[in-house]
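Written below as structure tokens is the structure these notes are about.
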2 protein chains.
Amino acid sequence: MAATIIEVAKLAGVSPATVSRAFGKPDLLSERTRGAVLAAAERLGYTPNRAAKGLVTGKTGNIGILLPDIVNPFYPPVVKGATDRAAAADLSVFLATTELDPRRELTVAREMAKQVDGLVLCATELRDDEVAELAAQCAVVLVNGEKPQLPSVVVDTGPGMLEAVEHLAELGHSRFDYLSGPATSWSNERRMSFLRRQADRLGLRVEVRGPFSPSYDAGTVAADEVLASGASAVIAFDDQMALGVLSRLHELGIDVPGQVSVIGCDDVLPVGMARPALTTVKAPCARLGRAAVEVLLGGATEVRQQSYQGNLVIRDSTGPAVRRRPRGHAAPRPA
Amino acid sequence: MAATIIEVAKLAGVSPATVSRAFGKPDLLSERTRGAVLAAAERLGYTPNRAAKGLVTGKTGNIGILLPDIVNPFYPPVVKGATDRAAAADLSVFLATTELDPRRELTVAREMAKQVDGLVLCATELRDDEVAELAAQCAVVLVNGEKPQLPSVVVDTGPGMLEAVEHLAELGHSRFDYLSGPATSWSNERRMSFLRRQADRLGLRVEVRGPFSPSYDAGTVAADEVLASGASAVIAFDDQMALGVLSRLHELGIDVPGQVSVIGCDDVLPVGMARPALTTVKAPCARLGRAAVEVLLGGATEVRQQSYQGNLVIRDSTGPAVRRRPRGHAAPRPA
DNA sequence: TTGTATGCGTTATCAA
DNA sequence: TTGATAACGCATACAA
């Protein structure tokens with residue numbers, strides 16, 4: 001159906017090799033022949049077949065992006081950043097999701113690795129050796145992850161988390177809960193350790209609850225735990241969870257931020273529309289995707305890790321601390 | 001780097017053709033040789049090269065999905081539906097976005113068409129002849145679109161819109177505004193004509209404003225127009241716009257639904273968290289994606305159009321009508 | 001049931 | 001500056 005290099009060659013009165021050069025190495029051709037070839041190609045609607053080209057060159061012109069769940073609002077901006085950058089470099093992009101199943105992730109990743117020049121692994125749950133196996137087949141870059149010998153692009157939650165804890169301290173909170181994301185999550189791990197360090201430094205007490213799945217529903221469940229714990233503030237792994245918390249607290253008639261302060265993470269949903277508008281730590285998602293592809297383009301050998309800083313966006317879900325007592329306890333708790 | 005059919009053949013002591021058959025047509029082989037081949041392949045970490053296979057079979061094992069903007073929350077569920085179904089059929093999926101640029105859409109679509117067996121075109125702005133050109137190269141299915149001779153999968157906004165208008169009528173509204181989406185949008189066109197018909201039938205008056213881009217920001221602008229028009233209710237093209245409207249009205253101190261009722265479309269964001277919770281017409285996005293891929297798998301020749309029905313989800317942003325006067329007018333308007 | 005030979009569309013090597 | 005030819009990794013028609 002589609003025209004091949006041969007038909008174009010025939011029409012232009014040149015050899016197939018010349019047609020190939022007209023597209024691949026135009027400077028090697030005289031202006032005249034190049035013009036003739038391009039005209040013939042145009043008439044036939046010819047464009048090079050990438051698969052065939054890839055077979056001989058060893059480069060596919062494709063990259064792959066593998067992520068846990070495209071419905072998680074964190075990822076669409078990442079994908080956008082990646083596809084935009086890829087398109088600019090004339091790369092096609094494969095997208096696949098792991099559906100949070102590590103076994104499936106390996107299968108899919110292996111399959112992809114054979115068809116692409118580079119692979120973007122987001123929040124991977126693969127083991128070091130599994131990722132190494134993939135890296136032997138094609139360039140690999142990690143997004144929000146870290147593996148020996150491999151380049152990665154991450155959001156640096158440090159500064160944002162610091163701001164968040166300082167914000168709570170200024171509001172007079174002496175302790176808060178952290179709602180943990182998936183246990184296997186590198187981001188969660190980092191966030192947690194940062195939070196602990198900063199809380200220590202500022203003399204606050206943190207308690208970690210969870211792990212929870214990063215979802216609205218998990219947030220509604222977590223809210224009850226927070227209430228029972230008696231914490232006057234809570235930081236959630238992501239905005240979806242934070243929204244769930246808000247929803248449950250509202251349902252229970254708990255005033256936010258009057259009785260409990262809530263902080264989310266990512267600022268990727270229109271959380272300003274929440275009731276109340278959600279204070280959150282913004283993540284530069286689109287940059288992540290763009291940078292990841294750039295690492296792939298650059299051969300992935302220079303910088304080991306690139307990080308992009310998030311920052312606290314203060315809205316209406318955080319306010320001055322009040323002394324509360326845990327739910328279900330009759331006696332007030334000593335401070 | 002990666003093992004080929006030849007090396008496996010050597011190791012297994014068979015011909016390359018036999019190795020090929022072990023993967024493609026296992027029943028043609030004796031159990032013994034098949035086992036030997038598979039074992040050898042396993043040892044070498046061999047899996048068939050899809051590009052090479054595609055070159056000879058004419059089937060790539062890939063499908064492509066082309067959509068305006070992955071950050072528009074309508075699309076991630078569609079993509080999820082599509083990738084899930086594709087994965088089940090052992091297809092890889094290319095993703096590309098048009099960034100709402102019709103010229104770019106054609107380029108990208110052409111590029112994709114060469115590398116895939118089937119193409120899912122979402123809300124395409126391509127002309128009939130351009131899509132026909134693509135359809136000559138590979139199977140094509142439209143999502144939320146309609147072209148001569150081509151299969152399509154759409155959300156049937158009819159019933160939902162009917163419910164919405166009935167809902168407004170019951171609440172005593174005698175007129176409402178519709179905030180139009182992009183002028184080129186097939187969905188918008190359908191929605192608008194349905195709304196007009198139902199409004200006529202129920203004796204309400206509609207006024208169409210816009211077109212607007214399907215975004216939060218556009219909604220904030222549109223809100224002022226609605227206010228100036230004096231309508232007591234407004235239906236927005238999508239939830240993002242509706243949230244923008246809500247935000248602007250809140251900023252202006254206009255009570256929703258006390259003074260103005262607001263209805264969105266899609267129910268894809270956690271709009272229940274909006275202030276107030278948004279009444280909206282739910283769209284079955286994930287089904288759309290799944291069905292689209294299924295059409296591609298089925299050869300795309302049976303049913304011309306498949307539609308999935310949305311329905312109204314009533315929350316808190318709609319309420320009884322009050323008589324208002326347009327902003328900036330001194331005199332009350334006659335009913 | 002298995003092996004041999006050919007071709008898919010392209011680029012790269014070498015010669016002209 | 002251009003052409004002929006050999007791969008690239010695989011599936012298939014045909015032969016055995």
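Residue numbers start from 1 in every chain, and the chains themselves are labelled A, B, ... in the order their sequence lines are given, proteins ahead of strands. What you see is a predicted model; the values in this text were computed from it and never measured.
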Problem set entry | Backbone N/O of B/T4 and side chain of B/E7: donor-acceptor pair under 3.5 Å | yes

For this session: Can you check each nucleotide of nucleotides 6-16 of chain C against protein heavy atoms at under 4.0 Å and return B for base, S for sugar-phosphate only, - for none, in 5' to 3' order?
Result: -BBBBBBB---

Exercise. Tell me: CG of B/L44 to C1' of D/dC10, nearest whole Å?
Worked result: 16 Å

Exercise. Checking B/R50 side chain against B/G61 main chain: does a donor-acceptor pair fall under 3.5 Å?
Worked result: yes

Seminar exercise, completed: CD of A/E125 to OG1 of A/T184, rounded to nearest 0.5 Å, is 3.0 Å

For this session: Measure from CG on B/D27 to P on C/dT1 and round the result to the nearest Å.
Result: 10 Å

Exercise. Counting just side-chain N and O atoms, does B/S30 come under 4.0 Å of either OP1 or OP2 of C/dT1?
Worked result: no

Seminar exercise, completed: note: A/Q115, atom CD; D/dC10, atom P; distance rounded to Å ~ 13 Å

Problem set entry | CD-CG distance between B/E111 and A/D90, expressed to the nearest 0.5 angstrom | 6.0 Å

Problem set entry | Under 3.5 Å donor-acceptor, A/N72 side chain and A/Y75 backbone | no

Problem set entry | N/O donor-acceptor pair under 3.5 Å between A/T57 side chain and A/K53 backbone | yes

For this session: Ignoring backbone atoms, establish whether A/T18 has a side-chain N or O less than 4.0 Å from OP1 or OP2 of D/dG3.
Result: yes

For this session: Looking only at side-chain atoms of B/T33, point me to the closest of C/dT4, D/dG3, C/dT1.
Result: C/dT1

